[in-house]
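Source: prediction; values computed, not measured.
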Amino acid sequence: MAAPTPQRKASELIESINVMLASGVNQERLNEVVDEANKLKEIGCYNEAYTVLGMIAALRADLREVDRMFSAAIKCSGRDLWTVRNYASALNNLHRCGEAVKYVDEVVEHIPDDISLLYEAIKFHKEAFDVEGVRSLEAHCKALGTPFVDSKLELELNAIEDIMRTNSVTWDQLASRVELATDVVYESGLTQQFNRRLVKDGVIFYEIGIPDDIERVSRIENLINDRIAEESYSVVDDVLFITCSQHER
């Protein structure tokens with residue numbers, strides 16, 4: 001059996017990272033992934049190595065290192081679409097949803113008929129509150145004969161669209177507030193395990209789940225509110241209410 005190509009090997013390592021994102025860090029396996037990434041670097045497969053290390057940085061909630069590793073990877077690869085797609089995924093994992101949309105759209109532009117990519121792009125646009133972007137991608141999937149069907153998502157999109165239209169709020173304003181809140185969480189040395197959105201009575205409730213004691217979670221919520229208060233007033237703050245909750249893994 002032939003040895004996997006460097007990119008195939010890197011993809012296998014990234015899949016291990018994705019498993020840990022979903023179920024928790026296995027330190028022994030993570031150490032193995034780091035070792036394998038460094039071996040890729042040793043044999044000159046810099047793009048693949050930096051991409052894996054960038055995904056590890058996302059697992060560790062280190063945005064600065066994510067940007068550093070993927071900048072190096074893209075410099076080596078000349079904006080290889082595999083690399084750019086993984087960058088989008090890393091950014092989305094860190095809830096940098098506005099940036100994730102930009103990078104995944106770059107890949108979709110070059111590979112417009114990849115259904116798995118289109119479904120992934122829908123997820124990223126949904127996370128960024130980009131209703132128009134989601135609907136455009138859904139229409140494209142339908143035209144390809146593989147419609148994306150999620151009735152619950154459609155109800156949420158309709159409600160968010162109504163809020164944005166009524167209050168003259170744009171999706172990127174909503175996304176930037178979520179990114180601000182995420183920055184506060186990560187700057188505090190914590191990670192968020194999930195986010196939940198509820199649209200009710202003309203307000204979007206955005207809940208961030210944090211695995212820590214209730215006192216620290218409450219303090220993070222207060223820090224988020226303080227950081228938002230430091231920003232110039234925006235009507236977005238009248239329709240987006242960000243909270244934190246204790247989450248046990």
Which heavy atom in [X] sits nearest to a heavy atom in [Y], and how many Å separate them?
X      : Y      : value
Ala37  : Leu13  : N-CD1, 4.1 Å
Ala175 : Gly98  : CB-N, 4.4 Å
Ile242 : Asn225 : O-OD1, 4.3 Å

Can you see whether [X] engages [Y] through a side-chain donor-acceptor pair at a distance of less than 3.5 angstrom?
X      : Y      : value
Arg96  : Thr182 : no
Glu48  : Thr51  : no
Asp238 : Tyr233 : yes
Gln27  : Asn31  : yes
Trp82  : Ser11  : yes

Common cluster, Leu94/Phe194, ILVMFWY with side-chain heavy-atom separation under 4.5 Å: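 Not linked; separate clusters.
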Transitive ILVMFWY side-chain link Val203 to Val199, under 4.5 Å: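 No; Val199 is not reachable from Val203 via cluster members.
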Within a 6.0 Å radius of atom [atom1] on [X], are there more than 12 heavy atoms belonging to other residues, nucleotides or ligands?
X      : atom1 : value
Arg60  : CZ    : no
Phe241 : CZ    : no
Lys126 : NZ    : yes

With Phe129, the side-chain contact (heavy atoms from CB on, under 4.5 Å) member among Val169, Ile163, Val178: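 Of all the options given, the one that passes is Val178.
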Hey, are [X] and [Y] close enough for a salt bridge, meaning a charged N less than 4.0 Å from a carboxylate O?
X      : Y      : result
Lys39  : Glu42  : no
Glu132 : Arg135 : no
Glu207 : Arg197 : no
Glu12  : Arg8   : yes
Asp162 : Arg165 : yes
Lys102 : Glu99  : no

Sub-4.5 Å side-chain heavy-atom contact between Glu127 and Asn195: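 Touching, per the 4.5 Å side-chain cut-off.
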4.5 Å side-chain heavy-atom contact, Ile208 and Ile220: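 They are not in contact (no side-chain heavy atoms under 4.5 Å apart), so the answer is no.
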From CZ (Arg85) to CD1 (Ile111), nearest 0.5 Å: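 The distance works out to 7.0 Å.
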Spacing of Tyr206 atom OH and Leu198 atom CG [to the nearest 0.5 Å]: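 It is 13.5 Å, given to the nearest 0.5 Å.
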Residues 139-149, side-chain donor-acceptor partners within the protein, below 3.5 Å, at least two apart:
{"unit_1": "His140", "atom_1": "NE2", "unit_2": "Pro112", "atom_2": "O", "d": "2.5"}

Aromatic plane relationship, Phe70 with Tyr87 - under 30° parallel, 30 to 60° tilted, over 60° perpendicular: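 It falls in the parallel class, under 30°.
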